[in-house]
Amino acid sequence: MSTIAVIGTGYVGLTTGACFAHLGHDVVCADVDAAKVDRLSRGEVDILEPRLDELVAEGLSSGRLRFVVGGAGAAEDCEFAYLCVPTPQSPDGAADLSYIEAAAREIAPVLPTEAIVVNKSTVPVGSTRVVERVLRRPDVRVVSNPEFLREGSAVHDFLNPDRIVIGSEDEAAAIRVSSLYLRIQAPTIVTDPATAETIKYAANAYLATKISFINSMAAVCEAVGADVHDVVLGMGYDHRIGHDFLKPGPGWGGSCFPKDVRALIHTAESRGYDFELLRSVVAVNDQQFERIARKVAGAAGGSLEGTRVGVWGLAFKANTGDLRESPAIEIVSRLLARGAEVQAYDPAVPTDSADPALERVPGLRVVGDAFAACEGAEVLAVLTEWDEFRFVDLDKVREAMAVPRVVDARNLLDRTALYRRGFTYEGVGRS
Ligand code: NAD
Ligand code: UGA
């Protein structure tokens, strides 16, 4: 078993640290946020991730998981230092490596000889070299080991990955990193750093492409009177296509797809290739936000000026409280700009939430339950696919609303049950 430092305790870092401890390694997780380190040291996990609190508690009580402030305190005795810090989008679309560089700078003086620094953050080609340059430690190898977990199922995905990707110029270092995952059954691809980094971007960009494709198909289905669900069924049974990531919706979002797709476009452009396909994937996604906002306006008779709209869902997808780059927030901001009065409910967003993502929608009123969002509303927009909405009491919804109209951007609700109660209903890609 190995000694691992994890720098950054967000979705990826905390999951990585807790899961490595669960696999038997000794892990010290570091963050710059002292209050967060305090809470984590008491076993308090403030993100919504199934089993994460359980694994953190297990790690703390076994002594295999500790939390400290600052990377240096974690890295001084480690064999591996995993960098799990943010790589946000710069104004020009490129990935901003300043957090990676800062973390590398911090751990450089204390890393033991022969330690391996591992990039788990999503970083563009060349970042392994950037870290090497910042470290100035010829005795330390830098390896790429991108992460493919999804929010909302982070622990499950980490422990049951479709594959493990390791990029290294040094075979011995690659073998040492792969040995950390010995208790996990998954195909392991060992390649060079540039290829490992490219695999990560290619996977995210391809998944985003699938969603933009199906959202475009949904528009075609509406135009020709076809049902996109049956189209996906019919396509998906072709094993070359599959059913996954073909759910039409309000557009893709979250903390990664938007920045990673743009970073790949930027990388290609900076090397002289115009990635026109991906630019269209982004454009289709922007159109999708607008298409949903227009559906809501259309349901209200064309104008939203002074119209009360109820919204179900603010998170970028169900089972997470993450509002970063959420399509729901984007759509709410478009409804507000059209003069609507918007009241929204999300099971993971408290009414007094101070989430910075809400700063984009200053007029929004966050309410405490699904029915409060419907109170006096002339249209209800379903923007996130929480199960709670699927199984809601529709009679109570009918009672609460001023006019029974639903725009269901996730095709979540039972439209027959709604029609029976006198609602008008519009989904995505279904006539
Ligand atoms: P996050 O914003 O949830 O967490 C990052 C953490 O790093 C924060 O707690 C922050 O305080 C901390 N931090 C910043 N600088 C630090 C430093 N110098 N030392 C110690 N801690 C520091 O980020 P995330 O969602 O976990 O993403 C991290 C990286 O992983 C990104 O590159 C992202 O693209 C990639 N990734 C994310 C996911 C996901 O589902 N969120 C999945 C795969 C890959
Ligand atoms: C995504 C990838 O799925 C992970 O493999 C990757 O590790 C991660 O990005 C990352 O690099 O951060 P995540 O952002 O958690 O994971 O969310 P997804 O489940 O991929 O959903 C992304 C967006 O696409 C959401 O807005 C979701 O609602 C939307 N989506 C997804 C659809 O509209 N339709 C679908 O069929 C699937």
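Order of listing sets the numbers, starting from 1, for every ligand and every atom in it.
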Going by distance only, is there an N or O of [X] that falls short of 3.5 Å from an N or O of ligand 1?
X: Tyr11; result: yes
X: Lys200; result: no
X: Lys259; result: yes
X: Lys36; result: yes

State, yes or no, whether a side-chain contact exists between [X] and [Y] at a heavy-atom distance under 4.5 Å.
X: Thr320; Y: Tyr11; answer: yes
X: Val282; Y: Leu278; answer: no
X: Tyr201; Y: Thr267; answer: no

*For the ring pair His243 and Tyr237, is the centre-to-centre distance below 6.0 Å?*
yes

_For Phe316 and Phe257, I'd like to know if the aromatic rings sit close, meaning centre-to-centre distance below 6.0 Å._
no

Nearest protein heavy atom with distance in Å, relative to [atom]:
atom: atom 38 (C) of ligand 1; answer: Val12 CG2, 3.3 Å
atom: atom 36 (O) of ligand 2; answer: Lys247 N, 2.9 Å
atom: atom 2 (O) of ligand 1; answer: Arg324 NH1, 3.2 Å
atom: atom 7 (O) of ligand 2; answer: Leu149 O, 2.6 Å
atom: atom 39 (C) of ligand 1; answer: Glu151 OE2, 3.6 Å
atom: atom 35 (C) of ligand 1; answer: Thr122 OG1, 3.5 Å
atom: atom 19 (N) of ligand 1; answer: Ile7 CG2, 3.4 Å
atom: atom 11 (O) of ligand 1; answer: Asp31 OD1, 2.6 Å
atom: atom 18 (N) of ligand 1; answer: Glu106 OE1, 3.5 Å
atom: atom 43 (C) of ligand 1; answer: Glu147 O, 3.3 Å
atom: atom 19 (O) of ligand 2; answer: Lys317 NZ, 2.9 Å

What I want to know is whether [X] and ligand 2 share at least one N or O pair that is separated by under 3.5 angstrom.
X: Phe316; answer: yes
X: Gly254; answer: no
X: Arg150; answer: no
X: Asn204; answer: yes
X: Gly253; answer: yes

_Looking at ligand 2, is there an atom of it that comes within less than 4.0 Å of some heavy atom belonging to Cys256?_
yes

Could you list the atoms of ligand 2 found under 4.0 angstrom from a heavy atom of [X]?
X: Glu147; result: 7 (O)
X: Trp252; result: 23 (C), 24 (O), 26 (O)
X: Glu151; result: 15 (O)

Are [X] and [Y] ion-paired here, with the side-chain N under 4.0 Å from a carboxylate O?
X: Arg415; Y: Glu426; result: no
X: Glu151; Y: Arg324; result: yes
X: Glu290; Y: Arg338; result: yes

*At a 4.0 Å cut-off, with the gap strictly under it, does some heavy atom of Cys256 reach an atom of ligand 1?*
yes

*asked:* Tell me whether ligand 1 is touched by Gln89 - counting only heavy atoms on the residue side and a distance under 4.0 Å.
replied: no

Do [X] and [Y] get their side chains close enough for a donor-acceptor pair, meaning under 3.5 Å?
X: Glu325; Y: Ser255; answer: no
X: Tyr345; Y: Glu388; answer: yes
X: Ser333; Y: Arg360; answer: yes
X: Asp96; Y: Ser98; answer: yes
X: Asn119; Y: Tyr82; answer: no
X: Tyr181; Y: Asn145; answer: yes
X: Asp192; Y: Thr195; answer: yes
X: Thr384; Y: Trp312; answer: no

Ligand 2 versus [X], non-hydrogen atoms closer than 4.0 Å: side chain, backbone, both, neither?
X: Leu246; answer: backbone
X: Asp157; answer: neither
X: Arg410; answer: side chain
X: Lys200; answer: side chain

_Using a 3.5 Å distance criterion without hydrogens, assess whether the side chain of Glu79 forms a donor-acceptor pair with backbone atoms of Ser2._
no

*Does any N or O in the side chain of Arg64 come within less than 3.5 Å of the main-chain N or O of Asp26, such that one atom is a donor and the other an acceptor?*
no

For ligand 1, is any non-hydrogen atom under 4.0 Å from [X]'s backbone (N, CA, C, O), its side chain (CB onward), both, or neither?
X: Glu101; answer: neither
X: Cys84; answer: backbone
X: Leu149; answer: both

*Distance filter under 4.0 Å to Tyr99 heavy atoms, resulting ligand 1 atoms*: 14 (C), 15 (N)

*Which atoms from ligand 1 have a heavy atom of Ser255 less than 4.0 Å away?*
41 (N)

*Compute both the distance and the angle, then confirm whether Arg334 meets the cation-pi test with Phe289: under 6.0 Å from the six-membered ring centre, within 45 degrees of the axis.*
no

*Test the Arg163-Phe148 pair against the cation-pi criterion, namely NZ or CZ under 6.0 angstrom from the six-membered ring centroid and within 45° of the ring axis.*
yes

*At their closest point, which heavy atom of Asn411 faces which heavy atom of Gly427, and how far apart are they?*
OD1-CA, 3.3 Å

Residue selection (non-hydrogen contact nearest [atom]) among [options]:
atom: atom 37 (C) of ligand 2; options: Phe148, Phe257, Phe245; value: Phe245
atom: atom 5 (C) of ligand 1; options: Gly8, Pro86, Ala154; value: Pro86
atom: atom 29 (C) of ligand 2; options: Leu383, Asn215, Ile211; value: Ile211
atom: atom 31 (C) of ligand 1; options: Thr87, Val32, Leu83; value: Thr87

*Test side chain to side chain contact (heavy atoms under 4.5 Å, CB included) applied to Val117 and Ile7, Val143, Ile107, the passing residue*: Ile107

